[in-house]
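Here's the structure, in structure tokens; my notes come after.
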Amino acid sequence: MKPLEEKLPQEVRRLLKRIGHFTETEETPSYLVGGIVRDLLLGVSNKDLDIVVEGDGIAFAKDLGQKLKREVKTHRQFGTATLFLKDGLKLDIVTARREEYLAPAVLPGVSPGTLRDDLFRRDFTINSLALRIHSEGFEEIVDLFGGEADLQKGLIRILHPKSFIEDPTRIFRAVRLETRYGFQIEPFTLSRLKEALEEKMIERLTPKRRRTELILLFKESDPSKPFHRLNALGVLKHLHPRLSFSKSATRGFDRVHEVLDQWGNSLKPNPFFLRYLCLIQKLSFEDRYALSGSLAMTKKEMRQLMDLRIVQGRIGNLNQLKPSEVYAHLHGLSSEILLFLTITAKEEGSKKRIEKYLMDSRKVRLKITGRDLKTLGIPEGPLYKKILNEVLKSRLDGLLNTKGEELDFAKKNWEKRR
Ligand code: CTP
């Protein structure tokens, strides 16, 4: 067995051999390319297998899917297909293609090409490596642009000078890979990156593409690292002139790890939005809206920003408040906002109160319902809601425990109102 193969999990090895057989009988050369080859050489695990086919990638994927009895999802306009395999493994198959950037910062037009074309269109040398797939295993690496040497030296290098202009998302990708592997963006690449910033290429990206890059950054195992670097390079300013990566954002990112460990399973917050809130915490509310608008934030996320503005304007030190008052402040807020409030609470007491709300108060349900109020002879109407609300407040403050006590309280409350 060849050494590179040894680094792959057995199921992947078996799968690639089957693909190798298939490739040979079909006489369609295929290659493992991109991130998986890079990570294989670095000894890092990667579950996304990208395969380039010199020929009709879609037909290849369909036949392979049939053989492996796996569903195939095709994207005809890009000449790509995806096969979902066991254990989270994903196989993306593409027709070798040449890309033509019709306008800067816009997704390119594509046409069929050779493996060389396909590798040359890529972002960095370390992502331009390929391995030919054979039934007998891998042959040597196809390294047309010096990717292996750059991997060894730990350098991020573009393949052509206009790379960042054609695709400014590569600015984020360069920083992401640099900080993930402890690499360095080499000097010429860095000068081109800065040139793209000066030419305001980030501003030309669509909001959706900017959002996608932020999501990928937040998914890094230690997202503070790329954000520090993006800040130092002056990239964040191009998302919003007053956006920076503050000390409180760094602390927030660290705390996100802890709150996700503690609350992730029960509250199921969206980690992206939680980290985003930490990132933008120093911006004014107006700046937050402006930035969020330029990042294709959803309506729901925009509403949550509004909720945050309201709750932050109202709550001071929660420690002074009764549980029912804490409940009134926090009820109805999303899990991301609640967790963000625990992350940024200034007093330990306030943090404890929010945690108590999360653990107990938010789950409290009354033992009585409207039907019980009816049996008490209270006429149906909007009053029910008011009375039940008062019962809930007393329950939360620990004044009522049993159903009888709730009923009694409801009756007295009604009598008071008559
Ligand atoms: N690619 C590119 N330019 C981009 C995005 C992707 O050239 N803007 C190429 C790179 O060759 C990359 C491959 O497409 O290796 C696959 O892209 P993707 O899956 O996004 O990246 P990975 O390199 O696998 O990185 P990660 O480990 O972060 O997923």
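Keep in mind that this is a model prediction, so the values were computed, not measured. In each ligand, atom 1 is the first atom listed, and ligand 1 is the first ligand listed.
Heavy-atom proximity to atom 19 (O) of ligand 1, evaluated over Asp50, Val44, Leu177, is greatest for Asp50. The residue from Arg173, Lys47, Arg170, Glu166 that puts a heavy atom closest to atom 17 (O) of ligand 1 is Arg173.
In this structure, Glu166 has no salt bridge (Lys or Arg N to Asp or Glu O under 4.0 Å) partners at least two apart in sequence or on a different chain. For Asp50, the salt bridge (Lys or Arg N to Asp or Glu O under 4.0 Å) test picks out no residue, with sequence neighbours left out.
Of the protein's heavy atoms, Arg38 NH1, 2.9 Å lies nearest to atom 23 (O) of ligand 1. Ranking protein heavy atoms by distance to atom 8 (N) of ligand 1, first place goes to Asp167 OD2, 2.8 Å. For atom 7 (O) of ligand 1, the nearest protein heavy atom (residue, atom name, distance) is Asp123 N, 2.7 Å. In this structure, the protein non-hydrogen atom closest to atom 11 (O) of ligand 1 is Arg122 NH1, 3.0 Å. Shortest contact from atom 26 (P) of ligand 1 to any protein heavy atom: Arg180 NH2, 3.7 Å. Nearest protein heavy-atom contact of atom 24 (O) of ligand 1 is Gly35 CA, 3.6 Å.
Considering backbone and side-chain atoms alike, Asp48 places every N or O at 3.5 Å or more from each N or O of ligand 1. In terms of polar-atom proximity, defined here as any N/O pair under 3.5 Å, Asn127 does make such a contact with ligand 1.
For atom 29 (O) of ligand 1, the nearest protein heavy atom lies 4.0 Å away or farther.
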